[in-house]
Amino acid sequence: RASKDMDLLKKLFRQAGKIRDAGNMLQLLERFHSVPPEYKSEQDQLRITAAREFHQHAQDYYKQGRKAGRRLLADVQAIRTRCIKDWYAARLIKIAVLLTASGDLLHEARKKIKELLYVQRILPAPLVAGIGLNNDYLDRLQEAIGEWHDMVIIVTTYAGREGADSQAMV
């Protein structure tokens, strides 16, 4: 049931991501390359449009967020320590496999790393110590993948070759 509850938040995350991507795209591109005024104007317009759409639905997002929060809290129940450790072990294996890939699978690894770090924040300290993750390393790794992904998005978008299967992404 919890995954259904999270679906309520996905539209919010996607729309907020559009705003973030348009802003980051220009900022990152300007660090490495001069940006033609027409492209800059186009990205600014995308950001403004995405922000306007987000604002128009802000009340709905707020309601959906509260509803998802209530449902998720209702689904919370005691989980055995062994189950949590097994979940972490399985996730780490999946992440290791994804880290050997390229393209969008590498970005998927970042999402799973962030998930591990987020979940860990709500766990009791003794359990966190028992799991023994190297949080600094994982945080640096997900940050590096995030920067790589932002660059790929910029390159593929700017070159007009968007998509996870494009040669630029690979």
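Only a predicted model underlies this, so the values are computations on that prediction, with no experimental measurement involved. Below, all heavy atoms of this structure are taken into account, side chains as well, without hydrogens, waters or symmetry copies.
Listed by first and then second residue, the ring-ring contact (aromatic ring centres under 6.0 Å, His included) pairs involving residues 42-78 are Phe54-Tyr61 (not counting sequence neighbours).
Connection of Ile95 to Ile93 is not established within any shared hydrophobic cluster, with ILVMFWY side chains joined at heavy-atom distances below 4.5 Å, either directly or through further cluster members. At a threshold of 4.5 Å between side-chain heavy atoms, the hydrophobic network of Ile, Leu, Val, Met, Phe, Trp and Tyr places Ile79 and Leu123 in one connected group. Leu116 and Leu127 end up in the same hydrophobic cluster when Ile, Leu, Val, Met, Phe, Trp and Tyr side chains are linked at under 4.5 Å. By the criterion of side-chain heavy atoms lying less than 4.5 angstrom apart, applied directly or through intervening Ile, Leu, Val, Met, Phe, Trp or Tyr residues, Leu141 is grouped together with Trp148 in one hydrophobic cluster.
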Problem set entry | Residue pair Asp104, Lys111: steps toward the salt bridge (Lys or Arg N to Asp or Glu O under 4.0 Å) verdict | CA-CA 11 Å; Asp104 210 40; Lys111 292 177 189 177; 5.7 Å; no

For this session: Apply salt bridge (Lys or Arg N to Asp or Glu O under 4.0 Å) to the pair Asp44 and Arg47, showing each step before the final yes or no.
Result: CA-CA 5 Å; Asp44 280 337; Arg47 185 180 48 78; 3.6 Å; yes

Exercise. Passes side chain to side chain contact (heavy atoms under 4.5 Å, CB included), Leu99 versus Lys112? Steps please.
Worked result: CA-CA 11 Å; Leu99 287 174; Lys112 294 195 179 311; over 6 Å; no

For this session: Using the side chain to side chain contact (heavy atoms under 4.5 Å, CB included) rule, take His149 and Leu106 through it: C-alpha gap first, then chi angles, then the decisive distance, then the call.
Result: CA-CA 8 Å; His149 188 258; Leu106 194 55; over 6 Å; no

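Under 4.0 Å is where a charged nitrogen must lie from a carboxylate oxygen, and between Arg82 and Asp86 at least one such pair does.
To the nearest 0.5 Å, atom NZ of residue Lys40 and atom CD of residue Glu42 are 14.0 Å apart. Atom-to-atom distance recorded for Arg121:CZ and Asn135:CG is 9.5 Å, nearest 0.5 angstrom. In this structure, CD on Glu147 lies 9.5 Å from CD on Gln142, to the nearest 0.5 angstrom.
At distances below 3.5 Å, not a single donor-acceptor pair connects side-chain atoms of Ser41 with backbone N or O atoms of Pro37. The backbone N or O of Ile145 sits nowhere less than 3.5 Å from a side-chain atom of Arg110 that would complete a donor-acceptor pair. In this structure, Gln120 contributes its side chain and Val128 its backbone to no donor-acceptor pair below 3.5 Å.
At a threshold of 4.5 Å between non-hydrogen side-chain atoms, the residues Trp87 and Val119 count as touching. Using a 4.5 Å heavy-atom threshold, the side chains of Leu105 and Val97 count as separate. Residues Lys10 and Arg14 form a side-chain contact, since some pair of their non-hydrogen atoms from C-beta on lies under 4.5 Å apart. A heavy-atom distance below 4.5 Å is not found between the side chains of Lys67 and Gln64. Arg52 is listed as a side-chain neighbour of Ile48, based on a closest heavy-atom distance under 4.5 Å. Using a 4.5 Å heavy-atom cutoff, the side chains of Ile113 and Asp139 are not in contact.
Residues Ala50 and Lys18 come closest through the heavy atom pair CB-CB, 3.9 Å. Residues Leu98 and Ala109 come closest through the heavy atom pair CB-CB, 3.6 Å.
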